[in-house]
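Okay, so here's the structure we're looking at.
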Amino acid sequence: MKIATFNINGINRRLDSLLEWLREAEPDVVCLQELKATGSQLPRAALEKAGYGAVWRGQPAWNGVAILARDTEPVLTRADLPNAPDAQARYIEAAVNGILIASLYAPNGNPQPGPKFDYKLAWLNRLNVHAAELLSAGVPVVLAGDYNVVPEPHDIYSTRSYDDNALVQPQSREAYRRLLGQGWVDAIRKFYPNETVYTFWDYRRNRWQRNAGLRLDHLLLSSALAHRLVGAGVDRQVRGHQSASDHAPVWIELTD
DNA sequence: ATGTCGGAACTTTTCCGA
């Protein structure tokens, strides 16, 4: 079973690229972020024609998350984190073929310090609380998405220009580390313990051409799933498409 | 400060967010 996450940065702007990648990569499950579309703007017919059922939570212009599943309809379990309604569409969760899948888009948090950074840390804290509940339920879960956290120094190219950025702040990293401390497994880091892996390249200053990247998109596996990991990768060629997103799709393969 | 995108606004550029 192949599960991917992709911050698409505008699903309608990127539809041709998405459909091409779906045909080539044939993922069973796709977690999308930054749809930048309302539900009615979602290209349901094109996705259906490509063979994918979908659940989503959209909003005008910003954010927006979806879960696609090949040859089946995801069964929606929730469209927000528990206990405090979020005006921003950043979390959706559904069951697909016996696995609980979450597509999440954590707040960017810039500039920091400030209210946006406070919102980011509060959001990651809410995610931590929910993640602990999912783990204690003992079901197989994949928490996939754009965490907007660079976990470790080697998850970003050599630079000082991000020193003040919310993506690398100790508080952001600590929130991510707390998730791993619960027992979640960072699938890319488990499969590539020492390699440099990037999933995002800013549009500015030729950062794609220079491979000046960051690892922001993560798939966390519940302990019950970790031993089923048999493959993982980043489809970097998608970042080179015409009118590409600034992120590339990240995928894992699980045994049945 | 800057770089470059996407989307919306009663707009044919300017802004916000990333």
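Basis for what follows: all heavy atoms, side chains included, without hydrogens, waters or symmetry-related copies. Proteins get letters first, then strands, A, B, ... in listed order; numbering begins at 1 in each.
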[N] versus [M] - spacing of their [atom1] atoms, nearest Å:
N	M	atom1	result
B:dC10	B:dC15	C1'	15 Å
B:dT2	B:dG7	C1'	22 Å
B:dA1	B:dA8	P	30 Å
B:dT11	B:dC16	C1'	15 Å
B:dT14	B:dG3	P	15 Å

Length of the line joining [X]:[atom1] and [N]:[atom2], which is rounded to integer Å:
X	N	atom1	atom2	value
A:Trp208	B:dC5	CH2	C1'	16 Å
A:Phe200	B:dT4	CZ	P	14 Å
A:Asn165	B:dT2	CG	P	17 Å

How does protein contact run along nucleotides 6-18 of chain B, one letter per nucleotide 5' to 3', with B for base contact, S for sugar-phosphate only, - for none, heavy atoms under 4.0 Å? BSS-------BSB

Just grab all the side-chain hydrogen bond (donor to acceptor under 3.5 Å, both in side chains) pairs involving residues 142-151 of chain A, residues at least two apart or on different chains. A:Asn7-A:Asp146

For residues 121-132 of chain A, pull every pair meeting side-chain hydrogen bond (donor to acceptor under 3.5 Å, both in side chains), keeping only residues two or more places apart or in separate chains.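 Every pair satisfying side-chain hydrogen bond (donor to acceptor under 3.5 Å, both in side chains) with a residue in residues 121-132 of chain A: A:Asp86-A:Trp123, A:Tyr91-A:His130, A:Glu93-A:His130, A:Asn125-A:Arg178, A:Asn128-A:Gln182.
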
Other ILVMFWY residues reachable from A:Trp62 by side-chain steps of under 4.5 Å: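 Members alongside A:Trp62: none; it stands by itself.
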
Any residue meeting side-chain contact (heavy atoms from CB on, under 4.5 Å) with A:Arg70, in chain and number order, not counting sequence neighbours: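 A:Arg70 satisfies side-chain contact (heavy atoms from CB on, under 4.5 Å) with A:Glu26, A:Asp28, A:Tyr52 only.
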
side-chain contact (heavy atoms from CB on, under 4.5 Å) against A:Arg160, all qualifying residues, sequence neighbours excluded: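 By the side-chain contact (heavy atoms from CB on, under 4.5 Å) rule, A:Arg160 matches A:Asp163.
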
Take the angle between the ring planes of A:Trp201 and A:Trp208 and call it parallel below 30°, perpendicular above 60°, tilted in between.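 Geometry flag for A:Trp208 against A:Trp201: perpendicular rings.
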
